[in-house]
Amino acid sequence: MEELTVSFQYTKQDIINFVLDSYSFEKVRCTLFLIFNLSAFIIGLIFLFSHKYHLAFLFIGISIVAFPIVLYASYRTACNSLKVITDVVCTIKDEGLSYMSNLGDNVIPYSDIYDVRVTEELIFVYVGKHSTFMIPKRAFKSLDKALDFAAVLTEKYNKEKLTNA
């Protein structure tokens with residue numbers, strides 16, 4: 001099998017895309033924030049109409065400010081965890097997705113891959129349900145090469161699931 005390899009460095013834009021895309025993927029998280037924000041806003045309106053202005057402004061302010069603060073906190077967390085990684089080289093091999101960085105050489109076996117999703121800017125490789133590895137599309141020579149990489153990776157992990165089922 002011909003190995004597919006890509007090398008890249010994470011940038012701040014990759015981290016921003018990671019945060020925004022992961023929030024759009026995780027419908028539960030967004031739904032909970034939406035319910036929280038709408039509830040706080042409605043409670044604020046109730047206080048406003050009952051002339052309890054301090055509480056009204058508190059609840060309305062929370063509803064407007066909460067989501068951007070959570071997005072910023074997620075961005076800072078991702079930024080702090082990814083800034084130590086410099087050059088990354090990913091290769092699709094027979095045994096799994098190999099990636100080398102300044103932190104060492106690792107292989108993600110296909111059996112450990114939970115899902116592969118492609119966004120406008122990134123390829124997400126979900127390792128289990130709570131861990132994500134991202135590959136920026138800009139690292140590839142063309143969009144077609146990025147989509148081919150994601151398709152081969154998806155084919156490999158799906159084949160592994162069928163073999164182990």
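- M100 shares a hydrophobic cluster with V89; the chain of contacts runs through ILVMFWY side chains whose heavy atoms sit under 4.5 Å apart.
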### From CA spacing to verdict: side-chain contact (heavy atoms from CB on, under 4.5 Å), F140, L147
CA-CA 9 Å; F140 296 90; L147 296 176; over 6 Å; no
### Message
What verdict does the side-chain contact (heavy atoms from CB on, under 4.5 Å) test give for L97 and V125, after you've listed the backbone C-alpha separation in whole Å, the side-chain angles of each residue and the deciding distance to 0.1 Å?
### Response
CA-CA 10 Å; L97 179 64; V125 180; 4.2 Å; yes
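- Scanning all heavy atoms of the two residues, the minimum distance from A150 to V118 falls at CB-CG2, 3.6 Å.
- Listed for the K145 side chain is no donor-acceptor partner under 3.5 Å among the backbone atoms of A139.
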### Evaluation steps, side-chain contact (heavy atoms from CB on, under 4.5 Å), between L153 and Y110
CA-CA 8 Å; L153 187 56; Y110 296 117; 3.8 Å; yes
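- L122 and D14 make their closest contact through CD1-O, 3.9 Å (heavy atoms, listed as atom of the first residue, atom of the second, distance).
- Judged purely by atom type and a 3.5 angstrom limit, N158 uses its side chain to pair as donor or acceptor with the backbone of T154.
- I92 and Y114 fall within the same hydrophobic cluster, where Ile, Leu, Val, Met, Phe, Trp and Tyr residues are linked whenever their side-chain heavy atoms come under 4.5 Å apart, directly or through other members.
- Taken together through direct or relayed side-chain contacts under 4.5 Å among Ile, Leu, Val, Met, Phe, Trp and Tyr, I62 and L48 form parts of separate hydrophobic clusters.
- Contacts of D115 classified as salt bridge (charged side-chain N to carboxylate O under 4.0 Å, His left out), with partners at least two apart in sequence or in another chain: R117.
- Heavy-atom minimum distance, N37 versus A66: OD1-CB, 3.7 Å.
- When all heavy atoms of E160 and S111 are compared, the pair lying nearest together is CG-N, 3.5 Å.
- Minimum interatomic distance between F149 and C90 (heavy atoms only, all atoms of both residues): CZ-CB, 4.3 Å.
- Ring geometry for Y53 versus H51: interplanar angle over 60°, hence perpendicular rather than tilted (30 to 60°).
- One hydrophobic cluster holds both V116 and Y126 under the rule that ILVMFWY side chains link at heavy-atom gaps under 4.5 Å.
- F57 and L45 end up in the same hydrophobic cluster when Ile, Leu, Val, Met, Phe, Trp and Tyr side chains are linked at under 4.5 Å.
- F47 and I64 are assigned to two separate hydrophobic clusters, defined by single-linkage of ILVMFWY side chains at heavy-atom distances under 4.5 Å.
- Within 6.0 Å of the CD atom in E95, the count of heavy atoms belonging to other residues, nucleotides or ligands exceeds 12.
- Ring planes of Y10 and F133: perpendicular class, angle over 60° (limits at 30 and 60°).
- Closest of all the heavy-atom pairs between F124 and T132 is CD2-CG2, 3.2 Å.
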